[in-house]
Amino acid sequence: MRKPALNDETLLKIEKPARYIGNEVNSVMKDKNNVEIRFAMCFPDVYEIGMSHLGMKILYEMFNRREDVWCERVFSPWPDLHRIMKEKDISLFALESQDSLSEFDFIGITLQYEMCYTNILQILDLAHLPLLAADRTAQMPIVIGGGPCTYNPEPVAAFFDLIYIGEGEISYDPLFDLYKQAKREGWSRREFLVHAASIPGIYVPLLYDVYYKADGTIEKMVPNTPGVPEKVQKQLVMDFSGSVYPTKPVVPFIKITQDRVVLELMRGCIRGCRFCQAGQIYRPTREKNVEVLKQYADEMLRSTGYDEISLTSLSSSDYSMLEELVNYLIDHFKDKGVNISLPSLRIDAFSLDVMSKVQDIRKSSLTFAPEAGSQHMRDVINKGLTEEDILHGAGLAFEGGWQKVKLYFMLGLPQETDEDMRAIAELANKIAVRYYEIPKEKRNGKCQITVSTSFFIPKPFTPFQWARMYEKEEYQRRAKVVNDAVKEQLNRKSIKYNWHETDVSVLEGILARGDRKMAQAIRYAYEDGALFDSWSEFYNHDRWQRAFAKAGIDTDFYTMRERMEDEIFPWDFIDDGVTKEYLLREWRRSKQGEVTKNCRMQCSGCGANQYGGGVCVENQNQIS
């Protein structure tokens with residue numbers, strides 16, 4: 001019988017004990033004595049966030065299909081339990097078996113966003129493991145990282161034995177087979193790591209050395225062991241319709257962030273927005289067969305009991321079979337009380353027609369993401385939207401019965417002027433004017449426009465990876481420019497303005513493009529109490545300032561300068577498929593305000609067609 005890791009007394013002292021007890025519907029139980037590999041799948045955030053993560057669900061399904069592997073789930077303990085575990089020396093445990101992580105062969109940690117980096121150290125600390133990979137012994141689990149932040153893993157590289165670059169469906173089976181061979185033949189820990197480095201997509205930080213120039217930039221990064229590749233190539237699943245998918249996902253006892261069935265329509269995006277990392281690293285675009293999606297919808301609703309289904313991708317409007325899929329879901333499930341959620345749609349006549357079929361218009365709001373208020377800035381970022389497109393879409397929405405609109409923008413973009421900032425408020429006002437142009441009898445109440453701005457953060461493998469950031473005072477000034485401009489609009493009573501915190505954005509920018517020197521500061525911050533930094537109630541800016549000072553890091557070096565075109569970046573050892581030459585060409589085009597057509601209209605020569613398939617090979621006319 002399974003022994004709980006926490007007793008009743010402890011569970012009664014903490015918030016939401018259901019986060020830690022396991023035994024949920026569809027969780028996988030195996031006999032640990034009948035498997036060869038035990039894998040602890042860790043998400044370094046609270047249960048409700050981690051349980052909503054699709055990538056974790058896919059790998060949980062994939063690993064547990066193997067008879068020789070048992071994959072279990074682990075989430076960051078909330079601060080109340082973290083404190084008790086430290087006081088009573090309770091080891092972090094997996095939900096299924098309640099066993100300590102020290103009993104596992106692998107500890108896999110998802111690197112989903114930079115602000116979870118101190119939670120990575122929480123997991124290692126509570127697992128009673130050395131924080132640094134170099135300090136671990138042969139008997140300890142192999143710590144492997146994966147997820148979008150691995151496209152610059154260097155700030156946390158010192159904490160990982162292995163880092164997987166790309167989509168997990170490809171190289172884990174060879175890695176597990178190699179590990180079984182290593183156990184049979186008695187390899188040392190280092191021997192296993194050296195062999196693992198030859199598996200496509202596997203990066204072993206200890207096997208590479210970084211050399212710096214006098215100015216602090218990187219001179220070179222080279223393998224320190226024979227046979228280790230100079231470049232690590234990202235892995236992509238090209239047979240997307242035939243790949244593993246969790247048709248029986250674990251159903252939590254408590255409400256989670258994405259508490260519904262999720263259908264992944266496609267990966268990648270054809271649009272080429274210059275600020276968007278996901279739009280670059282997931283190239284080329286790959287669609288899932290509509291018949292497969294119909295089958296998944298049937299199976300998942302039946303196996304979970306959910307009453308909502310969400311269609312997810314970076315740009316769902318670009319899924320070629322969206323109309324057929326939506327009509328199928330409506331015909332089969334709408335009368336059964338199943339709601340259909342459609343995020344990531346472009347606001348056009350087709351999308352609005354689709355949404356009107358699945359949404360209660362009087363209760364719902366529409367979301368536009370123009371990202372910039374002026375046409376000048378939308379061209380700079382290659383958004384591919386004109387003001388006419390936006391106002392026409394808004395007009396169609398208002399005529400269709402909607403009156404609540406959410407608008408998302410970024411501040412601090414390259415080449416942004418005060419005029420561009422004021423244009424955000426002016427665009428919101430024009431949308432309100434468009435609403436009041438509709439005959440009164442056709443309006444659905446008062447127009448409500450919510451404008452939200454976040455601060456632009458340059459990310460690796462984007463054309464804007466060369467761009468600079470600003471100090472928090474400048475971001476605050478820019479938010480004030482927008483706020484003042486909103487107050488000047490004729491329809492200001494219909495417009496509400498929100499903006500994100502500046503300190504967190506600056507820190508995210510430092511970590512996003514940081515190098516190996518960051519690891520020491522992250523460790524100092526954790527030891528000083530940093531945890532759940534993406535949660536505003538826990539974030540402490542002074543704590544991070546102390547950590548950077550103690551580590552001797554000048555943060556302005558990472559944020560306040562535009563990168564040189566020939567600079568070697570910490571992530572240049574990764575072959576992303578999208579070439580640096582293409583990204584540099586797009587960076588230069590942004591400075592001229594030149595728009596690059598989307599992948600369905602014309603191939604921009606980004607390099608991702610080396611993988612074959614995807615929409616990028618439909619038209620091979622190159623842009624020089």
Below 30° counts as parallel, above 60° as perpendicular, anything between as tilted: where do the rings of Trp544 and Phe548 land?
tilted
Would you say that Tyr558 contacts Lys517 through its side chain, given a criterion of any heavy-atom pair below 4.5 Å between the two side chains?
yes
Yes or no on side chain to side chain donor-acceptor pair (under 3.5 Å) for Asn119 and Tyr526, after CA distance, side-chain angles and deciding distance?
CA-CA 8 Å; Asn119 282 56; Tyr526 173 71; over 6 Å; no
Across all chains, not counting sequence neighbours, the side chain to side chain donor-acceptor pair (under 3.5 Å) partners of Tyr539 are His541
Heavy-atom check, side chain of Thr462 versus side chain of Phe275, under 4.5 Å
no
Charged N-O contact under 4.0 Å between Asp572 and Lys231:
no
Are the charged groups of Glu167 and Arg286 less than 4.0 angstrom apart, N to O?
yes
Donor-acceptor contact below 3.5 Å, side chain Asn152 vs main chain Gly514
yes
Test: Glu114 and Lys459 ion pair at under 4.0 Å:
yes
Validate the cation-pi geometry between Arg19 and Trp78: distance from NZ or CZ to the six-membered ring centre under 6.0 Å, angle to the ring axis within 45°.
yes
Taking all atoms of both residues into account, what is the closest heavy-atom pair of Pro570 and Ile218, and its distance?
CA-CD1, 3.5 Å
Test of ring centre spacing under 6.0 Å for Tyr470 and Phe455:
no
With heavy-atom distances below 4.5 Å as the criterion, would you say the side chains of Ile165 and Gln235 are in contact?
no
Yes or no on side-chain contact (heavy atoms from CB on, under 4.5 Å) for Met518 and Ile510, after CA distance, side-chain angles and deciding distance?
CA-CA 9 Å; Met518 287 293 154; Ile510 294 167; 3.4 Å; yes
Derivation and outcome, side-chain contact (heavy atoms from CB on, under 4.5 Å), residues Tyr117 and Arg523:
CA-CA 9 Å; Tyr117 284 172; Arg523 180 172 185 172; over 6 Å; no
Is there side-chain contact between Trp571 and Gln465, with at least one heavy-atom pair below 4.5 Å?
yes
Less than 6.0 angstrom from the centroid, inside 45 degrees of the normal: does Arg477 satisfy that with respect to the ring of Tyr475?
no
Over 12 foreign heavy atoms within 6.0 Å of CD, Glu419
no
Residue among Val46, Leu95, Asp45 satisfying side chain to side chain contact (heavy atoms under 4.5 Å, CB included) with Phe75
Leu95
Close side-chain approach of Val237 and Ile170, heavy atoms under 4.5 Å:
yes
Hey, does Val210 have a side-chain heavy atom less than 4.5 Å from the side chain of Tyr212?
yes
Before we go on, tell me: are the rings of Tyr497 and Trp499 under 6.0 Å apart, centre to centre?
yes
Going through the distances and angles, do Val578 and Ile281 end up as a side-chain contact (heavy atoms from CB on, under 4.5 Å)?
CA-CA 7 Å; Val578 175; Ile281 64 177; over 6 Å; no
Using a 3.5 Å distance criterion without hydrogens, assess whether the side chain of Ser52 forms a donor-acceptor pair with backbone atoms of Gln258.
yes
Give a yes or no on whether the backbone of Ser604 and the side-chain of Arg585 come within a donor-acceptor separation of less than 3.5 Å.
yes
Quick one: do Lys472 and Glu501 make a salt bridge, cutoff under 4.0 Å?
no
Taking C-beta and beyond as the side chain, do Met221 and Glu154 meet within less than 4.5 Å on heavy atoms?
yes
Check this for me: does any side-chain nitrogen of one of Lys234 and Asp575 sit under 4.0 Å from a carboxylate oxygen of the other?
no
Between Phe159 and Leu132, is the side-chain contact (heavy atoms from CB on, under 4.5 Å) condition met? List the steps.
CA-CA 5 Å; Phe159 310 127; Leu132 297 178; 3.9 Å; yes
Output, in order, the C-alpha distance, side-chain angles, deciding distance and verdict of side chain to side chain donor-acceptor pair (under 3.5 Å) for Tyr203 and Thr150.
CA-CA 10 Å; Tyr203 167 49; Thr150 61; over 6 Å; no
With no hydrogens and no angle check, just 3.5 Å: does a side-chain donor-acceptor pair link Thr502 and Ser505?
no
So Gln122 and Met85, do their side chains get closer than 4.5 Å, heavy atoms only?
no
Can we call the ring centroids of Tyr164 and Tyr172 under 6.0 Å apart?
yes
Ion pair check, Arg561 and Glu567, cut-off under 4.0 Å:
yes
Report yes if the distance between the aromatic ring centroids of Phe39 and Phe106 is under 6.0 Å, otherwise no.
yes
Carboxylate-amine/guanidinium proximity below 4.0 Å for Arg422 and Glu426:
no
If we ignore hydrogens and angles and just use 3.5 Å, is the side chain of Asp484 paired with the main-chain N or O of Val481 as donor and acceptor?
no
Just how far is it from atom OG1 of Thr367 to atom OH of Tyr408, taken to the nearest 0.5 Å?
5.5 Å
Answer yes or no on whether Arg73 is positioned over the face of Tyr60, meaning its NZ or CZ is under 6.0 Å from the six-membered ring centre and within 45° of the axis.
yes
More than 12 non-hydrogen atoms from neighbouring residues, nucleotides or ligands closer than 6.0 Å to CD on Glu527, yes or no?
yes
Look only at the side chain of Thr453 and the backbone of Leu411, and say whether a donor-acceptor pair between them is shorter than 3.5 Å.
no
Crowding at NZ, Lys580 (>12 non-hydrogen neighbours, <6.0 Å)
yes
For the residue pair Trp466 and Trp587, does the interplanar ring angle fall in the parallel (under 30°), tilted (30 to 60°) or perpendicular (over 60°) class?
parallel
Would you kindly say whether Thr559 and Arg468 are connected by a side-chain donor-acceptor distance under 3.5 Å?
no
Checking Asp379 side chain against Glu594 main chain: does a donor-acceptor pair fall under 3.5 Å?
no
Using a strict threshold of under 4.0 Å (side-chain N to carboxylate O), is an ion pair present between Glu48 and Lys16?
yes
Thinking salt bridges, do Arg274 and Glu586 make one under a 4.0 Å N-O criterion?
yes
Check against salt bridge (charged side-chain N to carboxylate O under 4.0 Å, His left out), Asp528 and Lys550
CA-CA 11 Å; Asp528 194 19; Lys550 189 175 180 180; over 6 Å; no
Under 4.0 Å between a Lys/Arg side-chain N and an Asp/Glu carboxylate O for Asp542 and Arg546?
no
Glu474 bridged to Arg478 by N-O distance under 4.0 Å:
yes
